[in-house]
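In the text below, chain A, chain B and the rest are named by the order of the sequence lines, each starting its count at 1.
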Amino acid sequence: MNSPDRVGLLGLPSLELAPHLLGAHVSTFIGGRLVVVRLTEVEAYDGHQDPGSHAYRGKTARNAGLFGPPGTAYVYFTYGMHFCANVVCGQEGTASAVLMRAGEVVSGRDTVLARRGNPKGPEAQLLSGPARLAQGLGLTLEHNLARFRDGTAVPPGPDLALGNLAIAPAGYLAGPRTGVAGDGGGEEYPYRFWLPGEPSVSPYRKAAPRKVRGGRD
DNA sequence: ATGTTGATCTTCT
DNA sequence: GAAGATCAACATC
């Protein structure tokens, strides 16, 4: 019945799961296209106690997926145009989750290129950044609350899968999260994890305040 | 190579 | 009403 092995590593809280996601394979079968990506950079979000988490202020309609069972996909819409995707983990209700930030294409490169709009930049940048990665995988709000299946083979099962989770990376680095403003940013929350030497890992930037709009004179 | 700005809209205060 | 787990284009060096 409720054997813990069935949930497996996804039952770990985000700070423990995050390193396992490095080097793991994410597979999507969306729109009849299979894409497999090897993750190189992730960020952990630690639920209600984490000022950087969407769950910090409690459960809302938007972040409800964070409070779901491990293996839930939490996809959100931001900046009026981008989607970002998390793997919900830990015990149900704790809102522990890992944001997928960057990766490299393992399979389905043509599909990824088309979805990304055939960008002109270097190949390493193709899936460098959470919105780029989600776009390449074909993830949108339609996939919010979907479930990640264990394993690489996707069709004809669920749309999303996670493989190679059990393989711990030989070495990885950790540091402050990118783009997180306020108390959740900075050295006190070294919740960003990446594989050293991977060209797809996005450079660190502080969360810069935007220019004030609608300035009157 | 690094810094600044516009795009675009949902969500919460 | 303002900010946001961002990106791409443009300016300047």
> Just checking, any donor-acceptor pair under 3.5 angstrom between side chains of A/E41 and A/S202?
Replying inline: yes
>> Between P on C/dA5 and CE on A/M81, what's the gap in Å once rounded to a whole number?
In response: 14 Å
> In Å, rounded to the nearest 0.5 Å, how long is the span from CZ of A/R147 to OG1 of A/T72?
Replying inline: 5.0 Å
> Are A/S200 and A/S128 linked by a side-chain donor-acceptor pair shorter than 3.5 Å?
Replying inline: no
>> Nearest whole Å is fine: how far is C/dT6 C1' from A/N86 CG?
In response: 14 Å
> Would you say A/Y79 stacks on B/dA7, if stacking means ring centres under 5.5 Å apart and planes within less than 30 degrees?
Replying inline: no
> Taking the six-membered ring for Trp, is the centroid-to-centroid distance between A/H48 and A/Y56 below 6.0 Å?
Replying inline: no
> Does A/R62 have a side-chain nitrogen or oxygen under 4.0 Å from the phosphate oxygens OP1 or OP2 of C/dG4?
Replying inline: no
>> Of the listed nucleotides (C/dG4, B/dC9, B/dA7), which one gets closest to any side-chain atom of A/F77?
In response: B/dC9
> Just how far is it from atom OH of A/Y76 to atom CG of A/L141, taken to the nearest 0.5 Å?
Replying inline: 11.5 Å
>> Checking side-chain polar atoms at under 3.5 Å, does A/Q135 have a donor or acceptor matched by the opposite partner on A/R116?
In response: yes
> Between A/F83 (CZ) and B/dT8 (P), how many Å, whole number?
Replying inline: 14 Å
> Using a cut-off of 4.0 Å on non-hydrogen atoms, how would the nucleic acid contact of A/G129 be classed: base, sugar-phosphate, or nothing?
Replying inline: sugar-phosphate
>> For A/E43, is there an ion pair with A/R177 - N to carboxylate O distance below 4.0 angstrom?
In response: no
> CG of A/D183 versus P of C/dG4: gap in Å, rounded?
Replying inline: 12 Å
>> Distance check needed: C/dA5 P versus A/R192 CZ, whole Å only.
In response: 16 Å
> Which value, in whole Å, describes the distance between the P atoms of nucleotides B/dG3 and C/dA5?
Replying inline: 22 Å
> Among C/dT6, C/dA5, B/dC12, which is the nearest nucleotide to the side chain of A/A131?
Replying inline: C/dT6
> Counting only heavy atoms not in A/F77, do more than 12 fall under 6.0 Å of its CZ?
Replying inline: yes
> Under 4.0 Å between a side-chain N/O of A/H82 and OP1 or OP2 of C/dC7, yes or no?
Replying inline: no
> Which is true for A/R177 with a 4.0 Å heavy-atom rule: it touches a base, it touches only sugar-phosphate, or it touches nothing?
Replying inline: nothing
> When hydrophobic residues are tied together by side-chain contacts of less than 4.5 Å, even through go-betweens, does A/Y74 share a cluster with A/L139?
Replying inline: no
> Is the shortest side-chain N/O distance from A/T60 to OP1 or OP2 of B/dC12 below 4.0 Å?
Replying inline: yes
Give me, pair by pair, the N or O atoms of the protein and of nucleotides 8-10 of chain C that are less than 3.5 Å apart, along with how far apart they are.
| residue | atom | partner | partner atom | Å |
| --- | --- | --- | --- | --- |
| C/dA8 | OP1 | A/R116 | NH1 | 3.2 |
| C/dA8 | OP1 | A/R116 | NH2 | 3.2 |
| C/dA8 | OP2 | A/R132 | NE | 2.7 |
| C/dA8 | OP2 | A/R132 | NH2 | 2.4 |

> To the nearest angstrom, how far is A/L139 atom CG from C/dT6 atom P?
Replying inline: 16 Å
> In what stems does DNA chain C take part, counting only runs of at least 3 consecutive Watson-Crick or G-U pairs whose two distances fall under 3.5 Å?
Replying inline: B:1-7 with C:6-12, B:9-12 with C:1-4
>> Take a 6.0 Å sphere around CD of A/E142 and say whether it holds more than 12 heavy atoms from other residues, nucleotides or ligands.
In response: no
>> How many whole angstroms separate atom CZ of A/R57 from atom C1' of B/dT11?
In response: 13 Å
> Tell me: OH of A/Y56 to P of C/dA3, nearest whole Å?
Replying inline: 18 Å
